[in-house]
Amino acid sequence: MDWLEWHLRYDDPASSLSARLAVVRRRIGQALDDLGPRCRQVVSLCAGDGRDLLPALAVRPALVPDVLLVELDPSLARDAAENAAGLGLAGVLVAEADAGDTAVVADALPADLLLLCGIFGNVVDADIRATLAATPGMVAPGGYVVWTRGWFEHPDLRPQVRRWSLEAGLEEVAYDGEPARYGVGLYRRPADSAPTPLPDRLFTFVR
């Protein structure tokens, strides 16, 4: 997969990816506004060029969390760093690394906001479930998770991903999906929930 070319689809206002991006940004903003100054750490796995998160932070200058963007593609990682610098965002670290390896993010956990966008359509179902099961060990009590999953095959896995999120002990705050072909979930880790052990590996891309 040429991920740089894939990201160009975001620039097409008529594309599903462009519509999904607008929803993801809105849900990120919702989480950031609720967290307010409590938001001290943000982690984005498979972050691409950071176009979902970085603009949301730039319009909230009162928030100054530490941010870790993890992206394996070197061109996208470079673009993410340049985007952060161009927006005047301090405290943003871009790691050119495999986001499925939890050793890459361990020092940045727990996160107040964890982004799992653009992942669940590229890994096997068991990895989706395992990643969601691990989120209570990656997210601070009261923190948020945003995930995406498209509908491009039968059966539609989006309802199952929502169930797995609940089984992991997360609370559904919002879900945007049908009749669109994308799904965007905003979930919260209850403040009184127990953390889960962090596995060595979350997922492996299959395409």
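Side-chain atoms are counted along with the backbone in the values below, which use heavy atoms only and exclude waters and symmetry mates.
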Single-linkage hydrophobic cluster, 4.5 Å side-chain cutoff, [X] and [Y] together:
X: L109; Y: L116; answer: yes
X: V67; Y: V64; answer: no
X: V123; Y: V104; answer: yes
X: L93; Y: L57; answer: no
X: L113; Y: L170; answer: no

Side-chain heavy-atom pair [X], [Y] within 4.5 angstrom cut-off:
X: R78; Y: V94; answer: no
X: S44; Y: L69; answer: yes
X: T135; Y: L114; answer: yes
X: D52; Y: I28; answer: yes
X: V43; Y: L115; answer: no
X: F203; Y: I128; answer: no
X: V161; Y: R158; answer: no
X: L202; Y: M138; answer: yes

Closest heavy-atom contact between [X] and [Y]?
X: A99; Y: C46; value: CB-N, 3.6 Å
X: S193; Y: P190; value: OG-O, 2.9 Å
X: A95; Y: L68; value: CB-CD1, 4.0 Å
X: P110; Y: A140; value: CB-N, 3.5 Å
X: A133; Y: T196; value: O-OG1, 3.3 Å
X: A97; Y: V70; value: O-CG1, 3.6 Å

Could you walk me through whether E178 and D156 pass the side-chain contact (heavy atoms from CB on, under 4.5 Å) test, one step at a time? CA-CA 11 Å; E178 299 80 351; D156 183 358; 3.8 Å; yes
Determine whether more than 12 heavy atoms belonging to other residues, nucleotides or ligands lie under 6.0 Å from atom CZ of R60.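 More than 12 heavy atoms, drawn from other residues, nucleotides or ligands, come within 6.0 Å of this atom.
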Looking at [Y], is its backbone amide N or carbonyl O close enough to the side chain of [X] to form a donor-acceptor pair, meaning the two atoms are under 3.5 Å apart?
X: D49; Y: A80; value: no
X: R189; Y: P136; value: yes
X: T102; Y: L198; value: no
X: T148; Y: V184; value: no
X: R149; Y: F120; value: yes
X: Q41; Y: D112; value: no
X: S165; Y: Y187; value: no
X: R51; Y: A47; value: no
X: E71; Y: L76; value: no

Aromatic ring pairing W151/H154, orientation class (parallel under 30°, perpendicular over 60°, tilted between):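 W151 and H154: perpendicular rings.
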Aromatic ring pairing W147/Y175, orientation class (parallel under 30°, perpendicular over 60°, tilted between): tilted
In Å, rounded to the nearest 0.5 Å, how long is the span from CD of E82 to CG of L54? 12.0 Å
Residue of the set D98, D101, D127 for which side-chain hydrogen bond (donor to acceptor under 3.5 Å, both in side chains) holds with R201: D98
Are [X] and [Y] close enough for a salt bridge, meaning some N to O gap below 4.0 Å?
X: D176; Y: R27; result: yes
X: R129; Y: E167; result: yes
X: E172; Y: R188; result: no

Should L45 and V105 be marked as a side-chain contact (heavy atoms from CB on, under 4.5 Å) after you check the CA-CA gap, both sets of side-chain angles, and the distance that decides it? CA-CA 9 Å; L45 303 185; V105 298; 3.6 Å; yes
When you check the side-chain N and O atoms of Y144 and D34, is any donor under 3.5 Å from an acceptor?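 Looking only at side-chain atoms, D34 and Y144 do form a donor-acceptor pair, the distance falling under 3.5 Å.
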List the steps, then state whether side-chain contact (heavy atoms from CB on, under 4.5 Å) holds for D66 with V42. CA-CA 6 Å; D66 290 327; V42 179; over 6 Å; no
